[in-house]
2 protein chains.
Amino acid sequence: MTLKAQFDHTNCAECPIRHRAVCAHCEKDELEELESIKYYRSFEAGQTVIWSGDPMNFVGSVVSGIASLTQTMEDGRTQMVGLLLPSDFVGRPGRENAPYDVVATTDLVMCCFRKKPFEELMVTTPHIAQRLLQMTLDELDAAREWMLVLGRKTAREKIASLLSIIARRDASLHSSGTVGPIVFDLPLTREAMADYLGLTLETVSRQISALKKDKVILLESKRHVTIPDMGRLMEEAGDDSDGGFLV
Amino acid sequence: MTLKAQFDHTNCAECPIRHRAVCAHCEKDELEELESIKYYRSFEAGQTVIWSGDPMNFVGSVVSGIASLTQTMEDGRTQMVGLLLPSDFVGRPGRENAPYDVVATTDLVMCCFRKKPFEELMVTTPHIAQRLLQMTLDELDAAREWMLVLGRKTAREKIASLLSIIARRDASLHSSGTVGPIVFDLPLTREAMADYLGLTLETVSRQISALKKDKVILLESKRHVTIPDMGRLMEEAGDDSDGGFLV
DNA sequence: CGTGCGATTGAGTGTTATCAAGGTGTGTGG
DNA sequence: CCACACACCTTGATAACACTCAATCGCACG
């Protein structure tokens, strides 16, 4: 609620995701149109944003925090199919019902647009559709990367892959140095990591312990990770050890 | 080569994928522009269309046959990350190098456009960009469905899932009856199925034998499959037994 | 008739899941 | 302030499922 107030009257020009979100390519006048139909919503960690199957009357962008897209089978097995970071887009123009659960993994602020007006804007504003196409293609690439992880990597490689992705993302935001240790906080519980990687939480825990024992990672606390050697981590992930940093 | 000739002078209006491909929404004049930059290419089963990492100077649509998108790790483990059926699009506007291997699984005919002119058309022709967005969103949904299969399903469920997808696609093309047995030919080798499902070919073979023994499927030959009861197959796949047919 | 590819089947192994117990840290109420 | 509850995490013992290695089969093709 306090977070909501914090953003309620924010001008798009000052938005932290202004240049990465679906509105990134918009001109000033286009932005004003978007601004007139936008509103902010906040969620606490653990809250469900949308239930699979429910009607979706909005689309929107993650402004801050992390959300996850998950699929659940009848017997309770769950698989995360998307990790939504700031600037990522939620919802599909033209779709009536949500195909996945959307859950706030951390406290979350979203910039929402009512679906109908947004769909109309899509037609009149090519910049929005163009940007959405780019973003969707990027998400498709990420999904295909994860298919390799899910289908072919060992538990240890899966953990190393996830850590290297989070580390890479964090490095692209905060630090600037290309070399040297990388430090970050895990935004996911062991269970969420397991759901992302197609493992059990016990296996996640064991493999993290193993990577720690082998000095691939250092743990100050259960969530606070230091990567002394990024190349080593990427070897463990089964990726090309070099070349990758800017992929 | 003979296939190539067969399509070389085909008018778009008579094209079998005219209403499903990236050109689906195009008006007559837009189609003429596309027609002026298109050319057909044919590949034999097993041929590689594009190697991962190679520069891509074209994009295009699958006209007939099946192609696969695969990722390969340094040690040879491979994961299929896309199954390209007629009307599916290959390539990403704006991208220089291919991120995956594209391999012809069967004999294949593609309708190609040189990348540069196609990218220019994308800007001037919203119908193309709109359709490409739709198709990309559909592919993303399919990829996420596969993430559940890869991450959480058993070998038996994986096989049943793949069979039900192929059966569903075939049913949507050929037959009309909603009930009754479904018959089709598998377009994939056991090895290709394994690469798709994150299994070994031996496990694929064993599970197919098991499904056959349990009368979930009937096999006239190794590739010719009959599904006596689609609901039963979908139960085996771990999906909701009903509701699914039009998903 | 031999060759080769795709597929099947078997035996043994190993990675990961399952079941179970216990540990750590944080917030809340007595 | 302490004790308790709870969520999150770790670790151990055991078992199951899928992988590996290996032999064989069937079929198409030269």
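In what follows, every chain begins at residue 1, and chains take the letters A, B, ... in the order their sequences are listed.
Between the NE2 atom of A:His224 and the P atom of D:dC9 there is a distance of 16 Å, given to the nearest Å. If you measure from atom CG of B:Asp195 to atom P of C:dA7, you get 12 Å, rounded to the nearest angstrom. Between B:Arg223 atom CZ and C:dT8 atom C1' there is a gap of 14 Å when expressed in whole angstrom units. Between the C1' atom of C:dA17 and the CD atom of A:Gln207 lies a distance of 13 Å, rounded to the nearest Å. Rounded to whole Å, the distance from CD1 on B:Ile208 to C1' on C:dG6 is 12 Å. Rounded to a whole Å, the CG atom of B:Leu197 is 12 Å from the P atom of D:dA18. Rounding to whole angstrom units, CG of residue B:Leu201 and C1' of D:dC19 are separated by 11 Å.
Of all heavy-atom pairs between B:Leu199 and B:Ala155, the closest is CD2-CB, 4.0 Å. Closest heavy-atom contact between B:Arg20 and B:Ser87: CB-CB, 3.7 Å. Looking at every heavy atom in both residues, A:Val62 comes nearest to A:Ile17 through O-CD1, 3.4 Å. Taking each heavy atom of B:Ile50 and B:Ala98 in turn, the nearest pair found is CG2-CB, 3.5 Å.
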Look for any protein N or O under 3.5 Å of an N or O in nucleotides 18-21 of chain C and output each such pair with its distance, or none.
residue : atom : partner  : partner atom : Å
C:dT18  : O4   : A:Arg206 : NH2          : 2.9
C:dC19  : N4   : A:Glu202 : OE2          : 3.1

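DNA chain D is contacted by A:Thr189, A:Arg190 of residues 185-194 of chain A, taking any non-hydrogen atom closer than 4.0 Å. Remark: nothing in residues 148-163 of chain A comes within less than 4.0 Å of DNA chain D through any heavy atom. If you check residues 212-219 of chain B against DNA chain C, you find no residue with a heavy atom closer than 4.0 Å.
For residues 181-192 of chain B, every residue pair satisfying the side chain to side chain donor-acceptor pair (under 3.5 Å) rule, not counting sequence neighbours, is listed here: B:Asp185-B:His224.
Residues satisfying the ring pair (Phe, Tyr, Trp, His ring centres under 6.0 Å) test with A:Tyr100, not counting sequence neighbours, are none. B:Thr78 is linked by a side-chain hydrogen bond (donor to acceptor under 3.5 Å, both in side chains) to B:Asp195, counting only residues two or more places apart in sequence or in another chain. Every residue two or more places apart in sequence or in another chain was checked for a ring pair (Phe, Tyr, Trp, His ring centres under 6.0 Å) with B:Phe184, and none qualifies. For the salt bridge (charged side-chain N to carboxylate O under 4.0 Å, His left out) test, residues two or more places apart in sequence or in another chain that qualify with B:Asp141 are A:Arg92, A:Arg95.
Going from atom CG of B:Leu140 over to atom CG of A:Leu140 covers 5.5 Å, rounded to the nearest 0.5 Å.
Residue A:Gly46 is classed as having no contact, given no heavy-atom separation below 4.0 Å to the nucleic acid. No contact: A:Ser221 has no heavy atom under 4.0 Å from any strand.
The closest donor-acceptor contact from the side chain of B:Thr106 to the backbone of B:Ile66 lies under 3.5 Å. In this structure, B:Thr154 contributes its side chain and B:Glu157 its backbone to a donor-acceptor pair below 3.5 Å. Panel note: side chain A:Asp75, backbone A:Arg77; a donor-acceptor pair is recorded below 3.5 Å. Of the possible donor and acceptor atoms, one in the side chain of A:Asp101 sits under 3.5 Å from a partner among the backbone N and O of A:Ser52.
With a 4.5 Å cut-off on side-chain heavy atoms, A:Val183 and A:Asp170 do not count as touching.
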Can you list, pair by pair, the side-chain donor-acceptor contacts under 3.5 Å of residues 201-217 of chain A, counting residues two or more places apart and other chains?
residue  : atom : partner  : partner atom : Å
A:Thr203 : OG1  : A:Thr200 : OG1          : 3.0
A:Ser209 : OG   : A:Ser205 : O            : 3.0
A:Asp214 : OD2  : A:Arg156 : NH1          : 3.1
A:Asp214 : OD2  : A:Arg156 : NH2          : 2.9

- Message: At under 4.0 Å between heavy atoms, how does the protein contact nucleotides 23-30 of chain D? Give one character per nucleotide, 5' to 3', with B, S or -.
- Response: --------
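Across the helix from C:dC1-D:dG30 to C:dG30-D:dC1, the helix axis at one end is tilted relative to the axis at the other end by 20° (nearest 10 degrees, each axis from five pairs).
Aromatic ring orientation, B:Tyr196 versus B:Trp146: tilted (interplanar angle from 30° to 60°).
Looking at B:Lys153 and B:Glu236, no side-chain N of the basic residue comes within less than 4.0 Å of a carboxylate O on the acidic one, giving no salt bridge. One finds no salt bridge joining B:Glu139 and B:Arg144 here, because no Lys/Arg side-chain nitrogen approaches an Asp/Glu carboxylate oxygen to under 4.0 Å.
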